[in-house]
Every structure is written in C-alpha cells, then in structure tokens.
Amino acid sequence: MRKKILMTLVLLVLSLAIVSCSNKPKLYVLNWGQYMDLDLVDDFEREFGVKVVYEEVGSNEEMEIKLKQGITKYDIMIPSEYMIDKLSSENLLSPIDYSLLTNLNEVEFFSDATVLYEDEDFGDYLIPYFFGTVGVMYNTTNEAVKTAVEEQGFCALFDEDSPFKIGLYDSPRDTVGAALMCLGYSVNSNVESELLEAQELLEAVLGRSSELTRFGQDDLKGDVARGNLDLALVYSGDYFEMVFEYEAEEEEINFDYFAPNHTNIWIDAFVIPMVSENKELAHSFINYFLGVEVAAANADWVGYTPVIREVYDIMVNDYGYDYENYYPVPTGSTREVFMYISEAHAQELNMILSTVRSN
Amino acid sequence: MIWPYVIWLTIIILIPSLFIILATVSSFHIFNDYTFRFTTEFIRFLSDPIFLNAFKNSIKYAGLTTMICLLIGYPVAYFFANIKSKNKTLYIALLIVPIWSNMIVRIIAWENVFKPVSIINLFNLSFDLIGYDVAIIIAMVSMYLPFMIFPIYAVLDKMDHKLIEAAHDLGAGDFQTFYKVTFPLSLGGIVSGIIMTLLPAMTAFALPERIGGGKVILLGNLIEKQIFRGSFNIAATVSLVVMMVMLGLFALIVHFDKEGETLL
C-alpha cells in the first residue's frame, strides 16, 4: 500500500515537472513596475511562440544587484542612463546588433533623446524606451503653493520656513540632485563643498515639525493628488499617471506639475546583458516594441513620453495627449542628465541621505 | 542521526554567518568586482551618528513597544485564561484573525489612517501623525500584541488551579495569590512573549519606513537601504550587530532558565 502511494506521488511530481518544463524558448525580462503593457508581452509570446519570464524591481540599484547575482540570466533589462553607463563600463552589457532591428528603419528618435547617449561610451549598448524629467508636483487647492513652486522651483522643496507639507524622493540621486539644482550647481556635482551645501539644505527642511516633511517613493504622487502633501519631488510620469487615473475616474484634478527651467532629464532604455543566452530573441523583443503601433499602445498604457517621434505624434493627435509638460524638453530649457561618476560618488550621495535622516 | 541537522545548520546558518563576518571585516562583495583587502572601516562606523541613531531608535521603539504590549497583553491573557465559557477557544482564535491578513497590508492601512485625508474623515475625524513617535508605537503595538498574549496565555491556561486554591486556603488574599503564585509561575510566558515581541520589533523596517515618513531609521532600515545602494560592508556590519544583540539576549535567557522552559 505504502509503495503504491509513493509511486503515485513520484509519478505526480514527475508529470508536474514535465508540464512546467515546456520546450518553448524563454526570454527573461527585468523591468520597473507598471512600465510595460503585459498584454503586449502576451501578444509577443504568441507571435514568436516563446515564454517571457517577466520580473519587476523598484530601482536601478536593485536591477544591478539582480543582474550581478547571476541567478537569472536576463535577456532584457530597462535601466536608466547612468546605470547603463556603469554596467557597460563593467563589461556586463552586450552591444546592440542594429541589423537585427528592422523596425529601426521605420522610426525616428527625438534628437533631444539621442543627444543624451549618442556620444557616450555606452551609446552602442542601448535602444531608448521612454524619457522624462524630474520636477515638482503640487496641489492646486492652495494658491500660495503654486506661487511658491513657480517662484522658487526646486528651492520650494528645501525652504526651511515653508509652511507646506513637502514630500522628498527616497532616492539619493534624485533628492540630493534637486538640492544641488536649487543651489544652481550641476546635478552631477562631485565638489565636496557643493555637496555639503546640499546636505545642509536637506537638514534645514527636515528640521521643521515632524508632519511637514517626509520621504516617499511611489506614494508621493497619490498624496499630493489627495491633498495629504502640498508639494513633492516626482518624476514627470508619476504626475501623468495620476492625471490618467483621475480622468478615468472622472474625479476633479487639483494638482499640477512644474518642471523648473534647469532640471534633470532621464532616459530609460533596453539593454541586453552579456549573460543573455538568447540574444537573437532579445533583439526580436526590442524590435517588437519599436513597431509604431505596439509602441503607441504601450505608451498609452505606461503614460511616460515615448522617444519615437512617430509614436509621440500618435499620442498627441490620436490619443489626446496634448498635455503641457508631456514633451520633456521644451525650447529654451536646460536639461541635465545623470552620469555615473564613480562608486565613491554614489556612496557619498547615499551617505548624505542617511546622515540627514539620523539627526 | 545528528548529520542532517549538522548539514542543515552549516548551509543555512554557519556559511551565511561567515559571509556576514567576512563582509564586515573586508571588502568582500558578492555582486561587485572588488579587490580583496581587509578593512577596519566597521570600527569607525560603529561610532558613526548614522549607526548610533539607528541603534538608539531600535532600542527605543522596540523597548517601548514591548513594554506596552506586556502591559496590555498580560491582563488580556489573564482574562482569557480565566473565563469560564465553552467558547473560550473561539475567543482566543479571534485574537489570531488580524495575523491572517498580510502585515504589509496592515501597515499601509495604519499609514492611511494617520494621514489627514483618509477614510476616517467619514466620521469627522482626521489625524496628521505620520512621522510622529506615537503613530509608530500604536502601529507596532497592534502588530506585535498577539505575539505577547499567546505565550502568556499558554502558561496561564496550563497552570494548575489547585495551587491558587491552596494559596487561598492558606490565607492569601487575591492580590497576594497573584503576586506570590500566579505571576512567578507565568514568568516563562512573559520571557517568551518579550522575546517574540522584542526581536521582530528591533529589526522591523517596513513599519517605521511607512509610518515614520521615511525619516525614522531603525537597524532594519539601515541594512535594507545600504544593501540596495551597494554598501555591502556597512550592511554586513549592522547585521552582525543585530546578530550579536540577539545572541546576547538568548544567552541571558539560557542563563536564567537552565531547563529551557520558556523557549518551549
């Protein structure tokens, strides 16, 4: 009797193993949360007869750790420019084979996007995905907040006499970067005295009453929209996500976005890690998302600004995306991109954020 | 047949602990390219305000939470152990119900209640407590209270009632009986309850992060932030400190309780 049960169990486990181990080739994708329409990924799976194993992370650094752990041999990742810079300098990325990307001939990238990487060493390792700015999202119920944001720009986030509830991004690069830009320095400043000034700015605003300043991530946008915060540092896409959500719910929109004249521009892009075991399929995946129709459907789902001109035009003309700030580089603005300077610089930014929080 | 246990211990506990020690005293890194060298950076970090602040916060919040849990939990456990109802098991089971929902969900629920615009506006109430100690303590007590109640309840429930009757027969009043008989006999449960509450509270990180508005840093937050920002050495140092504190507490318990009753 016992033997019979054991045999049944063994058979069951074996059959399960066989079912789960289909012969389809697998493509491992590592992306941010809410950053790709998964229905389109399903379509890709059907069209190419493959299985896409899709994983999500919350930061560039997490992506880096996941890649370096080596547990999964990722075929596609979508990090930001400074992380691509770092990973390519560590020989972890494989150059893009443009001849495999047939849809490239059908599309044109905005030069405001390509200028961010074209002349860099890592320029041959990526295909751009979305781009956008960092700015201040604020609640419009109180007229004084709008005035402060428009007059002070990023400095509105670091005003120690501000009576407003302020949200800062729990990311050293973005928050220290905004403080540096408020001071009029480069977002990539590696000058000790300038970084110290930025740190003092942060300390001053955190020195206010407890409920007035706080750190957050994805939760900041919702809190500004609902009125739990007056203003917060956010990515442009955070703001648009809230706009779309409120439009869909037909709720009144009491928030707006302000991109200071000098701000950080970021660009996220497809890369193919060196460890990828299916580079051809990875190229097919990128190529699929370069198709204008697919890219437009994806851009509508994601809400960030597409880098492809044809897709952008569809968004504005057909999908009604004629929002102010949708295009991240208006004429006459100063846009600065993050650069990977050194591990020591990254750790210093990290330490600044840790230090201001331990006072 | 101690072998399976030895293998288990080696893989799950010994090797990872050695990695942590190695990462503390050297530039050892699992993910980054690095040149191996020994470092004494961790000695300096142990007196760094960042670390001292996190350590102080951990002791403060975990200590307060444990104390409040004990003050609330003991009477509750005493009450349930002494009620004479056939539904006793049901009442006790109801105390577990909150644990059935995921802790993160409960943390976010508390977070939303403590923000000015929240569901409790329906009752004309509004809190603005994110970032305040009181909010963190309330949420922590609500998370860890069941872990205090159950061990104490288990001891009180199993206690031989004849001892109390004997105390009464010998002339002890209610208070004296409690103080001389019930309380000493329930000490094992109290110690278990304190460990079950104190240790998770000390290493909590999601809760202080969300309810503290990202400004209250406990040891757990420090480890999490340093790992995800690549400071392996610092994360390992903090982990080692946490492990030492736990081992210290463990040693204390073993010292006072040689038969190991409280841990069962």
Side-chain angles (χ1 to χ4, degrees), chain A residues 57-71 86 89-92 139 141 165-173 175 206 208-217 219-220 222-230 343-344 346-359, chain B residues 27 29-34 41 45 48-57 107-108 111-119 121 126-136 208-219 221-235 238:
Chain A
V57 288
S59 72
N60 277 304
E61 286 68 23
E62 255 175 274
M63 249 183 225
E64 178 191 3
I65 288 176
K66 285 221 162 215
L67 174 68
K68 288 180 175 172
Q69 273 176 336
I71 297 169
K86 178 175 188 196
S89 70
E90 291 173 356
N91 291 324
L92 292 169
N139 194 290
T141 321
K165 302 186 72 162
I166 297 173
L168 296 172
Y169 223 91
D170 189 4
S171 142
R173 225 164 247 280
T175 287
L206 284 168
R208 305 183 309 154
S209 175
S210 268
E211 80 282 6
L212 286 179
T213 322
R214 66 182 187 82
F215 284 96
Q217 285 181 337
D219 48 329
L220 295 175
D223 275 331
V224 174
R226 277 191 293 277
N228 280 329
L229 287 173
D230 292 311
E343 194 53 40
Q347 286 319 324
E348 174 144 23
L349 296 181
N350 185 5
M351 275 301 148
I352 290 176
L353 215 55
S354 294
T355 308
V356 297
R357 275 198 275 217
S358 58
N359 289 329
Chain B
S27 59
H29 203 296
I30 297 184
F31 312 130
N32 262 341
D33 283 342
Y34 68 96
E41 172 66 8
F45 186 71
D48 193 298
I50 295 173
F51 171 78
L52 292 177
N53 172 67
F55 196 76
K56 193 191 77 198
N57 276 344
I107 291 171
I108 292 176
E111 184 192 1
N112 283 312
V113 167
F114 289 139
K115 285 178 180 173
V117 182
S118 71
I119 193 159
N121 295 160
S126 170
F127 294 127
D128 195 359
L129 289 173
I130 292 294
Y132 282 97
D133 287 356
V134 59
I136 299 177
E209 173 84 36
R210 303 295 304 203
I211 314 250
K215 289 181 295 183
V216 179
I217 304 289
L218 269 59
L219 291 172
N221 300 87
L222 202 54
I223 298 174
E224 188 249 3
K225 291 205 187 307
Q226 301 301 333
I227 279 273
F228 280 115
R229 289 169 191 165
S231 302
F232 223 57
N233 180 251
I234 289 178
V238 182

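Heavy atoms only: backbone and side chains are in, while hydrogens, waters and symmetry mates are out. Quick note on labels: first sequence line is chain A, next is B, and so on, each numbered from 1.
Looking at A:Glu211, the atoms closer than 4.5 Å to chain B (heavy atoms on both sides) sit in the backbone and in the side chain alike. Contacts of A:Asp219 with chain B are made by side-chain atoms alone, with heavy-atom separations under 4.5 Å and no backbone atom involved. When heavy atoms are compared at a cutoff of 4.5 Å, B:Ile50 approaches chain A by way of both its backbone and its side chain. When heavy atoms are compared at a cutoff of 4.5 Å, A:Leu168 does not approach chain B at all. Only the side chain of B:Ile234 comes within contact range of chain A, judged by heavy atoms closer than 4.5 Å.
Most heavy-atom pairs under 4.5 Å with chain A, from the set B:Pro116, B:Ala135, B:Gly131: that is B:Pro116. Contact tally against chain A (heavy-atom pairs below 4.5 Å) for B:Asn221, B:Val216, B:Asn53: the top residue is B:Asn53. Note: A:Pro172 leads A:Pro172, A:Ser209, A:Ser171, A:Ser59 in heavy-atom pairs under 4.5 Å with chain B. Among A:Leu67, A:Leu212, A:Leu206, A:Thr213, the residue with the largest count of heavy-atom pairs under 4.5 Å with chain B is A:Thr213. When A:Gly58, A:Gly167, A:Ser210, A:Ala346 are compared by the number of non-hydrogen pairs under 4.5 Å with chain B, A:Ser210 comes out ahead.
Heavy-atom minimum distance, B:Ile227 versus A:Ile65: O-CD1, 3.3 Å. B:Val117 and A:Arg226 make their closest contact through CG2-O, 3.5 Å (heavy atoms, listed as atom of the first residue, atom of the second, distance). The minimum heavy-atom distance linking A:Arg214 with B:Gly213 is given by the pair CB-O, 3.2 Å.
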Determine, step by step, whether A:Ser354 and B:Phe51 satisfy the side chain to side chain contact (heavy atoms under 4.5 Å, CB included) criterion, reporting the C-alpha distance in whole Å, the side-chain angles of both residues, the deciding distance to 0.1 Å, and the verdict. CA-CA 9 Å; A:Ser354 294; B:Phe51 171 78; over 6 Å; no

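Side-chain atoms of B:Gln226 and A:Met351, non-hydrogen and from C-beta on, do get closer than 4.5 Å to each other.
Atoms CG and CD1, from A:Leu353 and B:Ile217 in turn, are 8.5 Å apart once rounded to the nearest 0.5 Å. In this structure, CD on B:Glu111 lies 7.0 Å from CG on A:Asp223, to the nearest 0.5 angstrom.
For A:Arg357 (side chain) and B:Gly214 (main-chain N/O), a donor-acceptor pair under 3.5 Å exists by modelled atom type.
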